[in-house]
Amino acid sequence: MQLETMYQEIILDHYRNPHNKGLRDPYNAESHHINPTCGDEVTLRVTLAPEGDALDGSATVKDVSYDSLGCSISQASASVLTDLLIGKSVDEGMRVLDEFTALMQSKGHGEPDEDVLEDAVAFAGVSKYPARIKCALLAWMAWKDATAKSLATEKEGAS
Amino acid sequence: MQLETMYQEIILDHYRNPHNKGLRDPYNAESHHINPTCGDEVTLRVTLAPEGDALDGSATVKDVSYDSLGCSISQASASVLTDLLIGKSVDEGMRVLDEFTALMQSKGHGEPDEDVLEDAVAFAGVSKYPARIKCALLAWMAWKDATAKSLATEKEGAS
Amino acid sequence: MIRSELGLLDVDAIRADFPILDRTVRDGRPLVYLDSGATSQKPRQVLDAEREFYERHNAAVHRGAHQLAEEATDGYETARATIAAFIGAGADEVVFTKNTTEAVNLVAYAMSNAATAGEELSRFRLGPGDEVVVTEMEHHANLVPWQELCRRTGATLRWFGVTDEGRLDLSGIDDLVNERTKLVALAHQSNVLGTVNPVREVAERAHRVGALVLVDAAQSVPHLPVDVAGLGVDFLVFSGHKMLGPNGIGVLWGRRELLAAMPPFITGGSMIGVVHMDHSTWADPPQRFEAGVPMAPQAVGLAAACDYLSAIGMAEVAAHEHALTEYALKHVAALDGVRVIGPAEAEDRGATVSFTVEGIHPHDVGQVLDDRGVAVRVGHHCAWPLHRRFGIVATTRASFYVYNSFADIDALVEGIQAAQRFFGVAPAR
Amino acid sequence: MIRSELGLLDVDAIRADFPILDRTVRDGRPLVYLDSGATSQKPRQVLDAEREFYERHNAAVHRGAHQLAEEATDGYETARATIAAFIGAGADEVVFTKNTTEAVNLVAYAMSNAATAGEELSRFRLGPGDEVVVTEMEHHANLVPWQELCRRTGATLRWFGVTDEGRLDLSGIDDLVNERTKLVALAHQSNVLGTVNPVREVAERAHRVGALVLVDAAQSVPHLPVDVAGLGVDFLVFSGHKMLGPNGIGVLWGRRELLAAMPPFITGGSMIGVVHMDHSTWADPPQRFEAGVPMAPQAVGLAAACDYLSAIGMAEVAAHEHALTEYALKHVAALDGVRVIGPAEAEDRGATVSFTVEGIHPHDVGQVLDDRGVAVRVGHHCAWPLHRRFGIVATTRASFYVYNSFADIDALVEGIQAAQRFFGVAPAR
Ligand SMILES: Cc1ncc(COP(=O)(O)O)c(C=O)c1O
Ligand SMILES: Cc1ncc(COP(=O)(O)O)c(C=O)c1O
């Protein structure tokens with residue numbers, strides 16, 4: 001029985017009791033992502049707080065809220081994402097995203113940095129199941145997208 | 001060496017000294033056929049002489065002339081065709097055509113009726129080579145076509 | 001083929017022909033393959049036929065005058081005749097494509113090509129005011145090409161709904177299929193619900209108003225005796241890989257006079273009459289629709305698959321699957337929290353059972369099953385609108401074939417229960 | 001791979017991998033296969049890879065969450081990466097089609113689909129006043145689809161001529177490729193003349209006027225080292241079956257940003273973003289262009305073919321064929337009454353030698369050769385306008401590959417002489 005390598009207790013906990021679920025106002029940008037193979041969806045909102053005058057990579061991720069429909073892996077990963085990213089700067093968040101993406105593509109051979117990924121290290125087992133990687137990444141892609149939109153909107157506004 | 005089963009002396013003779021080659025006037029109808037795999041062509045003219053008042057299956061094939069570009073098999077078969085069909089009635093000609101077509105589709109197992117096919121029995125060996133059957137049939141299909149056109153034109157004229 | 005009790009086939013004898021069914025997955029679990037609706041496994045006989053072609057007769061067909069080319073052409077055309085006979089068709093009515101999807105697109109693109117051509121093709125022409133009718137249970141392969149045809153030509157797409165029981169809702173047929181209808185495209189058997197549609201009835205209505213009818217038989221030709229004449233339709237399409245045959249080959253069957261009148265889709269070598277720099281003419285069907293060097297080895301493999309199925313007997317295949325479906329409907333639907341999407345009875349229904357498990361996402365159900373060696377499909381199965389119709393995002397689907405037995409269904413049932421326990425939604429017993 | 005003298009490959013070692021080359025034809029004649037330009041033979045390694053996929057990993061790719069589906073998907077995508085690397089491309093730029101012909105049609109139909117779509121696709125749009133440029137030496141597969149695209153859109157087809165030596169006539173290039181030109185499509189290597197075209201030079205001119213460039217590499221990728229970046233083109237197409245791979249698989253390579261912007265061709269499952277009854281959106285490339293269950297086993301087989309060729313080394317393959325071409329040009333062209341159609345020198349020329357024999361129709365030449373076990377192709381080789389250009393209806397074509405030797409060419413030369421004797425046109429010696 002290998003099930004436990006994928007469904008770590010941490011994952012099942014986040015799945016059963018998701019953090020920060022439910023869309024909140026106000027927000028800078030929203031993005032809606034769908035996994036075309038299974039139809040799972042996430043709508044995710046990002047609120048950024050500028051560090052200095054401009055909204056850039058130094059801005060703080062003030063809030064992330066989401067609504068979603070999907071499997072345990074996609075639900076848990078959205079929940080873990082909010083815990084990890086809220087309070088970090090955008091640049092730091094992108095680093096976490098890169099680390100998480102690398103872990104997901106590691107085919108089970110990744111050595112996750114627990115200092116960076118915290119609870120998200122529990123997803124190491126998922127990387128052995130290629131069909132589930134998209135589930136784990138769904139909310140992360142939506143966060144990347146919404147964050148990019150937030151920064152772009154700000155730029156447009158400024159120009 | 002099986003070459004001789006295809007290239008019977010009769011075939012090579014007709015190929016080297018084709019009968020009735022060169023287009024002649026007058027004629028009832030002409031048809032142009034092309035073998036799309038090798039580009040070989042034949043243009044063939046038919047002149048019919050009515051037996052009674054109407055031009056129908058009882059009419060006599062008064063003349064067949066043709067011009068052609070092609071391999072030994074297609075050339076020889078056009079030449080043999082003119083020998084066989086000129087002077088016969090259209091109905092008789094169609095019977096010869098049927099017999100010849102059946103021989104070509106016999107995959108080398110046909111038992112040709114020499115009374116009907118005369119020199120055309122020499123093509124029995126060609127039926128073993130599927131890629132060459134179209135060569136042997138090219139002029140015959142053109143004759144069928146031109147004859148049908150001749151009869152149709154006559155009908156139109158009459159109505 | 002020897003039969004055991006209950007109208008079932010001798011599954012052990014059949015399984016011996018499928019090397020892959022002997023393998024294990026996930027740390028030594030025997031494979032229980034319940035995903036034949038996606039693609040079937042292939043018997044040795046099919047793989048041998050294809051390999052024999054490559055190792056003895058391989059050449060470009062219809063393009064050479066040497067002995068190998070003759071043998072390859074003969075193999076290819078003999079395969080066409082075998083496959084045609086399998087569906088009661090004439091060999092000259094069978095066009096090879098790479099799969100069902102290409103076959104549907106062939107007809108859809110031929111119709112848009114007709115739209116820019118002369119009067120002689122008016123039968124296939126479509127424009128604003130014209131309508132194409134599909135159903136809400138179509139696989140994307142028999143939906144998206146028609147959406148695109150309508151987009152290109154300005155015609156309107158309409159569709160039959162589906163009842164709560166998972167049957168085609170024919171109540172509005174007289175309104176839906178009317179004088180403006182140019183084509184009706186529908187599945188013979190749904191790849192999600194298992195529903196076998198009353199194709200003949202729909203075709204009769206369509207023909208009464210002068211519309212053409214295309215049937216997606218991707219899920220019926222592998223599982224039921226199908227006779228194109230009896231169905232009374234105009235076009236029928238299916239894939240080799242779902243019927244024990246190789247990947248990369250599919251079939252478009254079309255009525256002789258329609259194929260003869262229809263313009264080509266993919267153009268290139270071997271489908272031409274004459275070619276000049278500034279214009280070309282077309283060969284007769286089926287060649288007109290088979291541009292380029294074809295998949296001759298796959299055609300030979302598919303013919304071997306037809307021979308394999310014919311040796312079992314398609315009526316016997318259908319009876320076997322009927323027994324499996326009854327058994328599965330009984331035991332799967334009986335589980336607490338399990339909802340079968342599709343008809344509850346096995347009549348006019350194929351061996352495909354899709355379901356949801358309360359409180360567990362299909363992906364997670366599938367994962368637990370996979371962990372136990374049971375291979376099913378999860379997701380929308382390329383029938384997204386149908387899932388939306390039932391208010392769900394995805395289902396878990398088990399689909400059966402000649403090599404499946406009651407024991408496989410028992411493994412499925414135990415797996416669903418294991419998933420319920422694992423995710424803590426096991427009903428109290 | 002061991003080499004013998006003269007820059008040749010160790011043909012005996014290679015031939016041992018090709019079971020079919022051991023067979024005899026026509027009453028026991030050893031087979032001399034000189035028709036690789038039509039389709040190549042397949043080494044054991046390729047057939048084994050394909051069979052291993054079917055017997056161990058077969059499942060529908062990108063559609064399941066069970067272990068077989070994972071393995072099948074992995075096999076398919078690993079094959080894509082191998083094939084991409086073989087032509088110096090990124091894996092996400094490689095789209096699988098059934099053959100070269102479909103790949104050309106894909107681009108041609110995507111361009112007509114763009115013509116009925118919105119402004120964002122203007123780059124691919126074509127209409128009256130626009131021009132598409134091809135050459136007089138194209139295979140029908142790279143000519144007829146463009147004729148049809150022009151017919152559908154109202155654009156104009158123009159073409160490069162061919163010199164008496166069988167080279168592309170570039171003298172009018174500045175007139176021919178101009179601001180109205182939307183696309184230039186040309187063969188990398190002619191399948192009749194053997195000519196290797198100056199693709200880079202043509203592409204530079206095309207890009208200067210903003211036109212796209214598609215290269216038909218069906219005859220170059222199997223025989224020469226091809227690097228898509230080095231060629232400087234936008235699209236490149238080829239077939240698996242001509243490069244030791246299986247039938248039923250071909251490749252469209254396209255520049256990343258072009259594929260990303262291009263609308264789909266064949267629509268259906270697995271190429272979608274979302275699907276509603278009345279509209280759909282598309283997946284990213286390469287999936288956008290691969291509707292339906294793909295030919296995964298054939299992709300795995302083609303990757304094995306790439307591995308086989310890479311193990312020999314494509315530079316070595318090219319050197320081997322160059323030596324064969326020089327030898328063949330020398331000995332065939334030296335025969336009285338024989339006229340080689342195509343460059344007389346082996347520079348910028350592949351291992352395809354087409355010729356006429358005075359007084360004997362190519363069909364008859366081919367028949368005599370076949371009778372001696374020598375398999376060549378006769379006819380217009382799907383390049384009818386090119387034959388017309390040279391005032392001939394057909395040629396006999398010998399084409400060589402890694403398993404051919406000087407001895408095979410000797411057999412060809414003796415066969416031609418035998419034909420001359422048989423038909424009584426043997427020149428007095
Ligand atoms: C130069 C060239 N282009 C295109 C093709 C078409 O390839 P396929 O028939 O595999 O689509 C061929 C071979 O037939 C060819 O030689
Ligand atoms: C009902 C139905 N139609 C069409 C298809 C498409 O078949 P393919 O992917 O082989 O083209 C499928 C299977 O995927 C199907 O189940």
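By convention in this document, chain letters (A, B, ...) are assigned in the order of the sequence lines, proteins followed by strands, and residues within each chain are numbered from 1.
Separation of the C:His223 and C:Tyr401 ring centroids falls under the 6.0 Å cut-off. Side-chain rings of C:His387 and C:His381 approach one another, their centers coming within less than 6.0 Å.
For the atom pair CG (C:Leu168) and CG (C:Leu193), the distance works out to 10.0 Å, reported to the nearest 0.5 Å.
Contact annotation for A:Thr37: only backbone heavy atoms (N, CA, C, O) come within less than 4.5 Å of a heavy atom of chain C.
Comparing A:Tyr15, A:Tyr7, A:Tyr129 by heavy-atom pairs within less than 4.5 Å of chain C, the highest count is held by A:Tyr7. For the set A:Gly70, A:Cys71, A:Pro36, A:Gly39, the entry with the most heavy-atom pairs within less than 4.5 Å of chain C is A:Cys71.
The side-chain hydrogen bond (donor to acceptor under 3.5 Å, both in side chains) with C:His241 is formed by just one residue from the set C:Asn247, C:Thr39, C:Asn99; it is C:Thr39.
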